[in-house]
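This report refers to the structure that appears directly beneath it.
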Amino acid sequence: GAGVSQSPSNKVTEKGKDVELRCDPISGHTALYWYRQSLGQGLEFLIYFQGNSAPDKSGLPSDRFSAERTGGSVSTLTIQRTQQEDSAVYLCASSTVFHEQYFGPGTRLTVT
Amino acid sequence: AQSVTQPDIHITVSEGASLELRCNYSYGATPYLFWYVQSPGQGLQLLLKYFSGDTLVQGIKGFEAEFKRSQSSFNLRKPSVHWSDAAEYFCAVGASGTGTASKLTFGTGTRLQVTL
């Protein structure tokens, strides 16, 4: 079946602009996760959604970062007033409750 | 807090040779453990997982890993490496529990180079 999809695959933006990154999880997966992968920090957890529970936002690096998940499916990660240190690959994953997370191809964000 | 250490940043092996990638974790109980592989420009692909039971788990592409509680380790092995195995390998730990998903904490990765 279809895997996790993310769009756009690449995004170049100017410092100070807002960006939205989209994730379509695997159908039927109740949990959705966002991670960030950068050269200096490796793979970092950002946020996750589990069903109708309040999201775990403990990994968000600043209040410029936010995410929502509409209808228990598609998720959007928003970064406001982007900074150069936000440049990274943003990975989305989804899973059932059994922790086996399946990752999308990622969105490469470059802030100039 | 949970953590993962992959002590080898870069490993080079000859095609056909055996491979072992090391992973040590820190977690207060029996964790859920994973190995993922990432080829250049690609997302993460799950190789194998350990939740409970048999400590030797088999994965895709001929990989296996052994959970050793006494050593807090979950090393990845393959008897004979193929050139296509060249990639970056990540060990990850997730909090164990019942019916609750959780975030993964990743190690810093080991880059595998395969020489012909």
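Fair warning: this is a prediction, and the values are worked out from it, not measured in the lab. In what follows, chains are A, B, ... by sequence order, proteins preceding strands, each numbered from 1.
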Legend entry - A:Leu46 side, atom CG; B:Lys103 side, atom NZ - distance, nearest 0.5 Å: 10.5 Å
Legend entry - Euclidean distance, A:Tyr35 OH relative to B:Thr105 OG1, rounded to 0.5 Å: 7.5 Å
Legend entry - Contacts of residues 102-112 of chain A with chain B (heavy atom under 4.5 Å): A:Phe103, A:Gly104, A:Pro105
Legend entry - Cluster check B:Val37, B:Ile60: I/L/V/M/F/W/Y, side chain < 4.5 angstrom: yes
Inset, instruction - Working to the nearest 0.5 Å, report the span between CD of A:Gln37 and CD of B:Glu88. - result: 7.0 Å
Inset, instruction - Find out if a path of hydrophobic residues (ILVMFWY) with successive side-chain heavy-atom gaps under 4.5 Å connects A:Phe49 to A:Ile26. - result: no
Inset, instruction - Decide whether B:Leu104 and B:Phe51 are clustered together by the hydrophobic rule: side chain heavy atoms of Ile, Leu, Val, Met, Phe, Trp, Tyr closer than 4.5 Å, transitively. - result: yes
Inset, instruction - Please indicate whether B:Leu56 has more than 12 foreign heavy atoms, meaning atoms of other residues, nucleotides or ligands, lying under 6.0 Å from its CG. - result: yes
Inset, instruction - Examine whether an atom of B:Gln45 lies under 4.5 Å from a heavy atom of chain A, and if so say whether it belongs to the side chain, the backbone or both; otherwise answer neither. - result: neither
Legend entry - Flag side-chain contact, heavy atom, 4.5 Å: A:Leu43 against B:Leu44: yes
Legend entry - Which atoms of A:Ser9 approach chain B - backbone, side chain, both or neither, heavy atom under 4.5 Å: neither
Legend entry - From CG (B:Leu46) to CD (A:Glu100), nearest 0.5 Å: 5.0 Å
Legend entry - Ring centroid separation B:Phe106 to A:Phe45 under 6.0 Å: no
Legend entry - Joint cluster assignment, B:Leu48 & B:Phe67, ILVMFWY side-chain distance < 4.5 Å: yes
Legend entry - Hydrophobic cluster identity match, A:Tyr33 and A:Val4, side-chain contacts under 4.5 Å: no
